[in-house]
Amino acid sequence: MTEPNHSSRTQSLTGESDSNGGAEISLLDIVNFLTGAWKKLAIAAVVGAVLGFGNWYFLGSYQAEYVLLNNNNNNNNNNNNNSYALDLVSWKMLQKSLPNLAAQVVEENKAPQDQASLYRAMSNEQWWQKNVLPSYALSKADTKDLAGISKDLDAASTTILNLTLTASGSSKEQSIVNVRASAKFLRSGSAYLQIRSLLNGYESQTVSTAAELQQKITSTQIEMGYQQERAKSLEELHKRFPGGANVSGQVVDPKDSGAKYLPLATQIVAVNNDINSSKETLARLQKRVEQIGLIKAFIEQAIPLQDQTFDGLALDDQLLVIEGSLRSKLAKGDANGQELLDQLHSQLLAIQVRFTKGLEANTAPTASKKGMIKSTAGGLAAAFFLMLLALLGQRVWVSIKSGIAK
């Protein structure tokens, strides 16, 4: 009874020994494989590194960097974000609008010569998030550390100090050309978007405001007709009853129900004051109508120019020429027209200054070729693992062939 148990136990130990031996052999195979193949792996890694470096050196692109300062146009140098060329809200709006404008430029084949590919890249919203990085007065870490100290710090945390633009190119010169072109589009495109908004506002005035003014003029004329009839009636009563010539010193609203018991002279003075007030209102409305006519004349010349170019700064210069032409045609002493054209002139100059002096660079763009370590390391790793896979595949194939032969 004991012998079979002893035999089975012996077989079990032998099986375990065989399995351990097989494991030891497998580990030895791996060690032997790496020992025999390390030279090949090392050569492959060196070749891969050389290829990666060569790819970076001969095919790698240059990257140019250009910094535009977000200048404060307020002479008081306060922290009011409205005095900067760009604040956080306006920048976020431009990030959404400029890609659409670039796509429109490409679609209408109005991109500058040899820059169509750059404009296609700028038509992607991700390009603006990656290649135009704003620098804020306070970082997120600074804001957390200084939280609650001053309200001025809250404004400073959203104040943009500068914009860093980056663009790539096949050569150093090309990358600099591309980054200058993207900076120019940032300024001219932003100016174009603001001018288009300005012209849309003026165009809507020529339609809605003109109709509203005409309605007010008609209502005032009707009311003044009633006032004149009332004055005529009161003067007739005064002729019939001349005894009430004294003017009351009591202040009473002529439209009040008790005003009819005031002395006739007082009522006549009051209604004539109302007539004069209506005449003044009509004169003001009429002057506003004349201003709307001047706006319409400006819009008729400005809209065709807006459709011809997407360069907002060039368009701004052209609109200033139109404004000057309209000013020269005003009658001498036409203060009403001068007021409107002065307002328009101020708005156009503000846009021009905002996107020229407000966003300007105090240093030239710099260009360099980056990514040498990344490219070299990538080539090294890729060649190493490819060689490793090739050697392992060869080893497996040899094992399969030997097993078939047996």
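Positions are given from 1 along the sequence.
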Return yes when atom CD of E107 has more than 12 non-hydrogen atoms of other residues, nucleotides or ligands closer than 6.0 Å, and no otherwise.
no
From the options E223, Q227, Q228, Q221, select the one residue that forms a side chain to side chain donor-acceptor pair (under 3.5 Å) with S278.
Q227
Derivation and outcome, side-chain contact (heavy atoms from CB on, under 4.5 Å), residues Q347 and Y202:
CA-CA 12 Å; Q347 291 173 327; Y202 277 128; 2.5 Å; yes
Do you know the tightest heavy-atom contact between V106 and A116?
CG2-O, 4.3 Å
E235 bridged to K239 by N-O distance under 4.0 Å:
no
Taking C-beta and beyond as the side chain, do K92 and L88 meet within less than 4.5 Å on heavy atoms?
yes
Answer whether the closest heavy-atom distance between the side chains of Q352 and L320 falls below 4.5 Å.
yes
In sequence, state the C-alpha distance, the side-chain angles, and the governing distance for T218 and Q215, and then conclude on side-chain contact (heavy atoms from CB on, under 4.5 Å).
CA-CA 5 Å; T218 303; Q215 180 185 4; 5.9 Å; no
Under a 4.5 Å cut-off applied to non-hydrogen side-chain atoms, are V132 and W91 in contact?
yes
Pairwise side-chain contact, Q214 with S219, heavy-atom cut-off 4.5 Å (strictly under):
no
Indicate yes or no for a side-chain donor-acceptor contact from T209 to the backbone of T206 under 3.5 Å, with no hydrogens or angles considered.
no
Nearest 0.5 Å, please: how far is CG in L193 from CG in L198?
12.5 Å
Whether the side chain of S97 engages the backbone of M93 through a donor-acceptor N/O pair (distance < 3.5 Å, no angle test) should be reported.
yes
Backbone of L86 reached by a side-chain donor or acceptor of N70 within 3.5 Å
yes
With no hydrogens and no angle check, is any side-chain donor or acceptor of W128 less than 3.5 Å from a backbone partner on M122?
yes
So does E236 pair up with R240, basic N to acidic O under 4.0 Å?
no
Surrounding NZ of K110 (heavy atoms of other residues, nucleotides or ligands, distance under 6.0 Å), is the total greater than 12?
yes
Point-to-point distance, once rounded to the nearest 0.5 Å, from OG of S182 to CG of L98:
11.0 Å
The residue among Q318, H345, Q301 that forms side chain to side chain donor-acceptor pair (under 3.5 Å) with E323 is H345
Using the test ring-ring contact (aromatic ring centres under 6.0 Å, His included), find all partners of Y66 that sit at least two apart in sequence or belong to another chain.
none
For V179 and E65, work out which heavy atoms get closest and say how close.
CG2-C, 4.5 Å
Would you confirm whether S190, through its side chain, and L186, through its main-chain N or O, come within 3.5 Å as a donor-acceptor pair?
yes
For the backbone of I322 and the side chain of S325, can you confirm whether one donor and one acceptor N or O come within less than 3.5 Å of each other?
no
Residue set satisfying side chain to side chain donor-acceptor pair (under 3.5 Å) with N178, at least two apart, ordered chain then number -> Q174
Candidate pair N200 and S197, rule side chain to side chain donor-acceptor pair (under 3.5 Å), full reasoning:
CA-CA 5 Å; N200 288 340; S197 176; 6.0 Å; no
Intermediate values then yes/no, side-chain contact (heavy atoms from CB on, under 4.5 Å), L163 and I160:
CA-CA 8 Å; L163 297 174; I160 299 176; 4.1 Å; yes
Exam field: side chain N124 to backbone R120, donor-acceptor pair closer than 3.5 Å:
no
Tell me if a side-chain donor or acceptor on N272 pairs with a main-chain N or O of I268 at a distance below 3.5 Å.
yes
Criterion side-chain contact (heavy atoms from CB on, under 4.5 Å) on T159 and Y136, from CA distance to verdict
CA-CA 6 Å; T159 298; Y136 297 97; over 6 Å; no
Compare every heavy atom of A121 with every heavy atom of W127, then report the nearest pair and how far apart it is.
CB-O, 3.2 Å
Reported CG-to-OG distance for the pair D316 and S188, which is rounded to 0.5 angstrom:
11.5 Å
Are any of the side-chain heavy atoms of V321 and D317 separated by less than 4.5 Å?
no
Main chain of V271, side chain of R230: is a donor-acceptor contact present, judged purely on distance under 3.5 Å?
no
Is there a side-chain contact between L305 and Q308 (heavy atoms, below 4.5 Å)?
yes
Identify the heavy atoms of L68 and A183 that sit nearest to each other, and give their distance.
CD1-CB, 4.1 Å
In Å and rounded to the nearest 0.5 Å, what is the CG to CG distance from D334 to L341?
8.5 Å
Non-hydrogen side-chain atoms of R187 and T356 separated by less than 4.5 Å:
no
For A314, does its backbone N or O pair with a side-chain atom of Y192 as donor and acceptor, under 3.5 Å?
no
So, using ring-ring contact (aromatic ring centres under 6.0 Å, His included) as the criterion, who are the partners of Y119 when residues are at least two apart?
F185
Heavy-atom side-chain contact between Q291 and E339 under 4.5 Å:
yes
Once you round to the nearest 0.5 Å, how far does CD1 of I295 lie from CG of L340?
4.5 Å
What is the minimum heavy-atom distance between A364 and R180, and which atoms define it?
CB-NH2, 4.2 Å
Work out which heavy atom in G312 is nearest to a heavy atom in I195; give both atom names and the distance.
O-CD1, 3.2 Å
Working to the nearest 0.5 angstrom, can you tell me the gap between I275 CD1 and S277 OG?
10.5 Å
Kindly indicate, with the supporting measurements, whether the criterion side chain to side chain donor-acceptor pair (under 3.5 Å) is fulfilled by Q338 and R327.
CA-CA 7 Å; Q338 292 284 353; R327 188 184 296 272; 2.8 Å; yes
